[in-house]
Amino acid sequence: MLTVCKHPLISVKLSILRDERTKSKEFRESLDEIASLMTYEVFKDVEAIESEETIHTPTGVTLPKVKLSHKIILAPILRAGIGMVDGVRNMIPTCRIGHIGMYRNEETLEPVEYYFKLPVVENPLVVVVDPMLATGGSAIAAISAIKKRGYKNIRLMCLVGAPEGVKAVNEAYPDVPIFLAALDEKLNEKGYILPGLGDAGDRIFGTK
């Protein structure tokens, strides 16, 4: 259930994100571009169907308007997940946006939900977005929260992942496909992805 989105343009932009010299503005722009490129893989099996609405071409031909078979909901995990939203929305302007807030309990080190808001639409495909898939704890908690609210069709879209996080999500939710721009080597003793790209939230928002 893991797909690594391989493309020369993704590789080039990912190397910009990994560079410690990259400033927040360029980091955000490159992240937007990678998220846009990843949509081709994440949504490639979503059907395009003809609707009852019609369009008229400049040559006077009438055709049915084409739309996606599912309503798309993006569910960024706060705060870093917000950094991937615009890249997807550039390709799917009609997608709805929800938010999932998580923090780590300092004693148990487990993620705790503090905010949850997703749109209620018919036949939704919910895509959880978060730049980093490290231990998998936040992703598993977010997916659990979504399933508890009755959503069933769920995907996980991350920028960089570690094998440990991929394994944890696959074991917890084998029905949830995972999409990465890169599968990195491992986690270090502090739980950071190697080679990784540092703290994505800090680099997106310039808080480091």
TODO: Determine, step by step, whether Lys23 and Glu26 satisfy the salt bridge (charged side-chain N to carboxylate O under 4.0 Å, His left out) criterion, reporting the C-alpha distance in whole Å, the side-chain angles of both residues, the deciding distance to 0.1 Å, and the verdict.
DONE: CA-CA 6 Å; Lys23 303 300 182 183; Glu26 189 179 8; over 6 Å; no
Check whether any side-chain heavy atom of [X] lies under 4.5 Å from a side-chain heavy atom of [Y], and answer yes or no.
{"X": "Ile193", "Y": "Asn188", "value": "no"}
{"X": "Val88", "Y": "Val127", "value": "no"}
{"X": "Pro124", "Y": "Asn153", "value": "no"}
{"X": "Arg18", "Y": "Asp184", "value": "yes"}
{"X": "Glu164", "Y": "Lys167", "value": "no"}
{"X": "Met84", "Y": "Met157", "value": "yes"}
{"X": "Tyr114", "Y": "Leu78", "value": "yes"}
{"X": "Ile154", "Y": "Val128", "value": "yes"}

Report the distance from atom [atom1] of [X] to atom [atom2] of [Y], rounding to the nearest 0.5 Å.
{"X": "Asn123", "Y": "His70", "atom1": "CG", "atom2": "NE2", "answer": "4.0 Å"}
{"X": "Glu33", "Y": "Lys13", "atom1": "CD", "atom2": "NZ", "answer": "3.5 Å"}
{"X": "Ile100", "Y": "Met102", "atom1": "CD1", "atom2": "CE", "answer": "5.5 Å"}
{"X": "Ile72", "Y": "Ile97", "atom1": "CD1", "atom2": "CD1", "answer": "10.5 Å"}
{"X": "Asn90", "Y": "Ser36", "atom1": "CG", "atom2": "OG", "answer": "4.5 Å"}
{"X": "Leu118", "Y": "Arg149", "atom1": "CG", "atom2": "CZ", "answer": "8.0 Å"}

Nearest non-hydrogen partners of [X] and [Y], listed with the distance:
{"X": "His7", "Y": "Leu9", "answer": "ND1-N, 3.0 Å"}
{"X": "Asp175", "Y": "Pro177", "answer": "O-CD, 3.3 Å"}
{"X": "Arg203", "Y": "Thr22", "answer": "NH2-O, 3.3 Å"}
{"X": "Gly98", "Y": "Pro76", "answer": "O-CD, 2.9 Å"}
{"X": "Val66", "Y": "Ala48", "answer": "CG1-CB, 3.6 Å"}
{"X": "Ala181", "Y": "Val4", "answer": "O-CG1, 3.9 Å"}

Has [X] got a side-chain atom pairing as donor or acceptor with [Y]'s backbone, closer than 3.5 angstrom?
{"X": "Ser30", "Y": "Phe27", "result": "no"}
{"X": "Asp130", "Y": "Ala139", "result": "no"}
{"X": "Ser51", "Y": "Lys67", "result": "no"}
{"X": "Ser69", "Y": "Ile49", "result": "no"}
{"X": "Ser144", "Y": "Ile140", "result": "no"}

Open item on the list: Checking side-chain contact (heavy atoms from CB on, under 4.5 Å) between Pro131 and each of Ile204, Val160, Asp199, which is the one that passes?
Closed with: Ile204
Task: side-chain contact (heavy atoms from CB on, under 4.5 Å) partner of Leu14, chosen from Ile34, Leu31, Asp19 - done: Ile34
TODO: Could you tell me whether Tyr192 atom OH has more than 12 heavy atoms of other residues or ligands within 6.0 Å of it?
DONE: no
TODO: Give a yes or no on this: more than 12 heavy atoms of other residues, nucleotides or ligands lie within 6.0 Å of atom NZ of Lys147.
DONE: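 For Lys147, atom NZ is crowded (more than 12 foreign heavy atoms under 6.0 Å).
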TODO: Apply side chain to side chain contact (heavy atoms under 4.5 Å, CB included) to Val121 and Arg96, showing your working.
DONE: CA-CA 9 Å; Val121 296; Arg96 276 76 164 176; 3.8 Å; yes
Open item on the list: I'd like to know if the side chain of Arg79 pairs up with that of Thr207 as donor and acceptor (distance under 3.5 Å, no hydrogens or angles considered).
Closed with: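 The criterion, which ignores hydrogens and geometry beyond distance, is satisfied for Thr207 and Arg79.
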TODO: List the steps, then state whether side chain to side chain contact (heavy atoms under 4.5 Å, CB included) holds for Leu68 with Phe43.
DONE: CA-CA 10 Å; Leu68 296 179; Phe43 299 100; 5.7 Å; no
If hydrophobic clusters are built by linking Ile, Leu, Val, Met, Phe, Trp and Tyr wherever their side-chain heavy atoms come under 4.5 Å apart, do [X] and [Y] end up in the same one?
{"X": "Leu2", "Y": "Val176", "result": "yes"}
{"X": "Leu180", "Y": "Leu37", "result": "no"}
{"X": "Val42", "Y": "Ile143", "result": "no"}

Open item on the list: Distance to the ring centre below 6.0 angstrom and angle to the axis at most 45 degrees; does that hold for Arg155 and Phe179?
Closed with: no
Task: Working for side chain to side chain contact (heavy atoms under 4.5 Å, CB included), residues Glu20 and Leu197 - done: CA-CA 8 Å; Glu20 65 179 2; Leu197 44 78; over 6 Å; no
Task: Test side chain to side chain contact (heavy atoms under 4.5 Å, CB included) applied to Ile178 and Val166, step by step - done: CA-CA 8 Å; Ile178 302 170; Val166 171; 4.2 Å; yes
